[in-house]
Chemist: 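Would you mind keeping the following structure in view while I ask a few things?
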Amino acid sequence: MRYWLMKSEPGAYSIDDLARDKREVWDGVRNYQARNYLREMRAGDLAFFYHSNCKPPGVAGLLRISKENVVDPTQFDPESRYFDPKSSREKPRWQTVEVEFVEKFPNYISLPQLRSLFSEEELPLLKRGYRLSVLPLSDDVAKKLLALAKKEE
DNA sequence: GCCAACGTTGGC
DNA sequence: GCCAACGTTGGC
């Protein structure tokens, strides 16, 4: 079982939205490196839900991969902002996963807290200009995050 | 195949 | 709102 981190702008889709929907296809990723990570994900893997581009950014909750290797339907929809005219149903270019809500953390872990806890080597997300929206986490980092997110003050 | 222009991400 | 980082596009 592997741990991941997946980013979303809460204005577009937040942990509360996922809590309401229970399950959702994680569509709209249009970066090859992020897609390659999505292809590596297996059902049962856990991922941290990171809120980006908000005040403050941070880790808001946990989700589980409920279905692996899902073809992103938005690539075929000319009305979608994620439409890709170079993709075809015979040879789809963009795969993703379906995720299910696990929990919203009692403790939101803000970006400044993340910086105080981890180095840029442990958590590349902290690097300036780092833009990948899907990334793997080491077991070590994941377990520290879980302990902190659930710890009672 | 190079690289300038352009667009997007996302912290601040 | 600014702007650094960086991926993509397209002319040559």
Side-chain angles (χ1 to χ4, degrees), chain A residues 2-21 24-41 45-65 68-138 140-142 144-149 151:
Chain A
R2 297 179 72 183
Y3 290 100
W4 305 89
L5 184 144
M6 299 167 83
K7 293 198 234 177
S8 177
E9 301 190 11
Y13 197 79
S14 72
I15 189 73
D16 293 318
D17 294 321
L18 185 61
R20 180 198 62 219
D21 297 338
E24 190 70 10
V25 172
W26 198 269
D27 60 20
V29 173
R30 294 292 179 271
N31 169 285
Y32 286 105
Q33 199 180 340
R35 181 209 60 185
N36 292 343
Y37 283 139
L38 288 166
R39 285 178 172 176
E40 289 179 30
M41 290 183 180
D45 284 359
L46 292 172
F48 293 86
F49 196 128
Y50 180 86
H51 282 179
S52 65
N53 207 7
C54 60
K55 290 182 183 177
V59 175
L62 194 67
L63 54 83
R64 184 182 296 110
I65 310 308
E68 60 193 53
N69 210 18
V70 174
V71 174
D72 185 338
T74 60
Q75 67 195 301
F76 307 124
D77 176 7
E79 303 299 313
S80 169
R81 64 173 292 213
Y82 301 119
F83 177 60
D84 183 353
K86 292 178 185 165
S87 187
S88 69
R89 290 185 185 276
E90 295 72 33
K91 276 195 171 181
R93 179 178 290 191
W94 304 107
Q95 287 82 23
T96 183
V97 292
E98 181 195 78
V99 301
E100 67 180 4
F101 177 76
V102 176
E103 67 178 315
K104 181 177 178 177
F105 291 139
N107 307 321
Y108 184 83
I109 310 176
S110 71
L111 183 58
Q113 281 179 279
L114 292 172
R115 288 193 190 286
S116 70
L117 289 163
F118 303 108
S119 67
E120 292 183 354
E121 288 69 37
E122 290 174 296
L123 193 58
L125 176 79
L126 301 176
K127 285 182 193 161
R128 177 189 184 81
Y130 190 86
R131 296 188 308 170
L132 260 197
S133 63
V134 176
L135 58 148
L137 294 186
S138 71
D140 208 42
V141 169
K144 279 185 195 166
L145 281 176
L146 282 175
L148 197 76
K151 183 174 140 198

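Chain letters run A, B, ... following the sequence lines, proteins first and then strands; every chain starts at 1. Values below: every heavy atom of this structure, side chains too, minus hydrogens, waters and symmetry copies.
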Chemist: Closer than 4.0 angstrom, basic N to acidic O: yes or no for A:Arg30 and A:Asp84?
Modeler: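 Salt bridge between A:Arg30 and A:Asp84, a charged N being under 4.0 Å from a carboxylate O: no.
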
Chemist: Which comes earlier along DNA chain C counting from the 5' end, the contact point of A:Arg30 or that of A:Gly129, where each point is its nearest nucleotide?
Modeler: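 The residue closer to the strand's 5' end, by nearest nucleotide, is A:Gly129.
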
Chemist: Of all heavy-atom pairs between A:Met6 and A:Ile65, which one has the smallest distance, and what is that distance?
Modeler: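 Shortest heavy-atom separation between A:Met6 and A:Ile65 comes out as SD-CD1, 4.4 Å.
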
Chemist: In terms of relative ring orientation, are A:Phe49 and A:Tyr13 parallel, tilted or perpendicular, with 30° and 60° separating the classes?
Modeler: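 Geometry flag for A:Tyr13 against A:Phe49: parallel rings.
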
Chemist: Where do N or O atoms of nucleotides 7-12 of chain B meet protein N or O atoms at under 3.5 Å, pair by pair?
Modeler:
residue, atom, partner, partner atom, Å
B:dT8, O2, A:Arg131, NH1, 2.7
B:dG10, OP1, A:Lys7, NZ, 2.7
B:dG10, OP1, A:Arg131, O, 3.1
B:dG11, OP1, A:Tyr50, OH, 3.1
B:dG11, OP2, A:Asn53, N, 2.8
B:dC12, OP1, A:Arg115, NH2, 3.4

Chemist: Tabulate below the donor-acceptor pairs under 3.5 Å that side-chain atoms of residues 110-119 of chain A make, not counting sequence neighbours, or state none.
Modeler:
residue, atom, partner, partner atom, Å
A:Ser110, OG, A:Gln113, N, 3.4
A:Ser110, OG, A:Gln113, OE1, 3.4
A:Gln113, OE1, A:Ser110, N, 3.1
A:Arg115, NH1, A:Leu126, O, 2.9
A:Ser116, OG, A:Gln113, O, 2.7
A:Ser119, OG, A:Glu121, N, 3.4
A:Ser119, OG, A:Glu122, N, 3.2
A:Ser119, OG, A:Glu122, OE1, 3.4

Chemist: For C:dA5, take OP1 and OP2 only and decide whether either is under 4.0 Å from a side-chain N or O of A:Arg128.
Modeler: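 Looking at the OP1 and OP2 atoms of C:dA5, one of them is under 4.0 Å from a side-chain N or O of A:Arg128.
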
Chemist: Would you please name every residue forming a side chain to side chain contact (heavy atoms under 4.5 Å, CB included) with A:Asn53, sequence neighbours left out?
Modeler: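 A:Glu9.
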
